[in-house]
Amino acid sequence: QKQLVESGGGVVQSGGSLRLSCAASERTFSNYGMGWFRQAPGTEREFVASINSRGDNTFYRDTVRGRFTISRDNAKNTVDLQMDSLKPEDTAVYYCVAESGVGRIPPRVRSQYEYDYWGQGTQVTVSS
């Protein structure tokens with residue numbers, strides 16, 4: 001069964017760091033573009049970052065660019081999100097996502113409807 005499982009969430013103070021990890025159940029995910037979304041209470045789910053299958057092309061929403069880094073290790077079937085200089089506004093449930101087709105990722109903010117596989121999410125809380 002194709003599954004994505006996130007880990008690494010927690011509570012940190014503003015300015016701190018967290019590293020999220022997404023474990024893919026099958027090696028076929030290495031052929032797909034992947035990424036991260038997040039959703040805060042009372043808000044819509046929003047795009048955070050994306051990465052292509054090879055891991056050499058990434059894109060970030062403006063509010064996290066320069067602070068977050070998405071990466072992947074296809075040998076380990078994992079995708080990570082390194083989050084530095086965290087702000088209270090980053091507080092949300094973070095979801096690992098994957099496409100179902102092979103191709104290059106577009107250099108733009110993505111819609112949640114462009115992804116076919118979703119993890120259950122991991123909570124990130126940033127205090128002031």
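Only heavy atoms go into these numbers, but all of them, side chains included; no hydrogens, no water, no symmetry mates.
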message: With ring pair (Phe, Tyr, Trp, His ring centres under 6.0 Å) as the rule and sequence neighbours excluded, what pairs involving residues 10-30 come up?
response: Phe29-Tyr32, Phe29-Tyr117

message: According to side-chain hydrogen bond (donor to acceptor under 3.5 Å, both in side chains), who are the partners of Arg110, at least two apart in sequence or on a separate chain?
response: Glu99, Glu114, Tyr115

query: If you take all heavy atoms of Cys22 and Met34, which pair is closest and at what distance?
result: SG-CE, 4.2 Å

Plane angle bin for Tyr94 and Phe68 - parallel if under 30°, tilted between 30 and 60°, otherwise perpendicular: tilted

field: Pairs touching residues 10-27 that satisfy salt bridge (Lys or Arg N to Asp or Glu O under 4.0 Å), sequence neighbours left out
entry: Arg19-Asp80

task: Locate the shortest heavy-atom distance separating Ser17 from Ser85; write the atom from each residue and the value.
output: OG-N, 4.3 Å

query: Closest approach of Ser53 and Ser30, non-hydrogen atoms and distance?
result: CB-O, 3.3 Å

query: Sequence neighbours excluded, which residues qualify as side-chain hydrogen bond (donor to acceptor under 3.5 Å, both in side chains) partners of Asp116?
result: Ser100

Test side-chain contact (heavy atoms from CB on, under 4.5 Å) applied to Gln112 and Trp118, step by step: CA-CA 10 Å; Gln112 61 182 299; Trp118 292 73; 3.6 Å; yes

message: With a 3.5 Å distance limit and no angle check, can you tell me whether Thr91 reaches the backbone of Val126 through a side-chain donor-acceptor pair?
response: yes

message: If you compare all heavy atoms of Tyr60 against all heavy atoms of Ala49, which two are closest, and at what distance to 0.1 Å?
response: CD2-CB, 3.5 Å

query: Which heavy atom in Pro88 sits nearest to a heavy atom in Ser128, and how many Å separate them?
result: CG-OG, 3.7 Å

query: Going only through I, L, V, M, F, W and Y residues with side-chain contacts under 4.5 Å, is there a path from Val64 to Val79?
result: yes

query: Just how far is it from atom CZ of Arg61 to atom CH2 of Trp36, taken to the nearest 0.5 Å?
result: 16.0 Å

- line: side-chain hydrogen bond (donor to acceptor under 3.5 Å, both in side chains) filter on Asn74, not counting sequence neighbours, yields Arg72

task: Grab the two heavy atoms, one from Ile70 and one from Gly35, that are nearest each other, plus how far apart they are.
output: CD1-CA, 3.9 Å

query: Roughly how far, to the nearest 0.5 Å, is OG of Ser50 from CG of Asn57?
result: 7.5 Å

query: Just how far is it from atom OG1 of Thr69 to atom CE of Met83, taken to the nearest 0.5 Å?
result: 11.0 Å

message: For the CD atom on Gln120, are there more than 12 heavy atoms of other groups (residues, nucleotides or ligands in this structure) within a distance under 6.0 Å?
response: no

task: Report yes if some heavy atom in the side chain of Thr63 is under 4.5 Å from a heavy atom in the side chain of Glu89; otherwise report no.
output: no

query: Got a salt bridge between Asp90 and Lys87, using NZ or NE/NH1/NH2 to carboxylate O under 4.0 Å?
result: no

field: Shared hydrophobic cluster, Val93 / Leu20 (ILVMFWY, side-chain heavy atoms < 4.5 Å)
entry: no

- request: Apply side-chain contact (heavy atoms from CB on, under 4.5 Å) to Arg38 and Leu81, showing your working.
  value: CA-CA 12 Å; Arg38 66 186 182 186; Leu81 183 69; over 6 Å; no

- request: Please identify each residue that fulfils ring-ring contact (aromatic ring centres under 6.0 Å, His included) with Phe59, with sequence neighbours left out.
  value: none

- request: Would you give the length of the straight line joining atom CG of Leu86 to atom OG1 of Thr125, rounded to the nearest 0.5 angstrom?
  value: 10.5 Å

- prompt: Is the number of heavy atoms from other residues, nucleotides or ligands within 6.0 Å of CZ (Arg54) greater than 12?
  reply: no

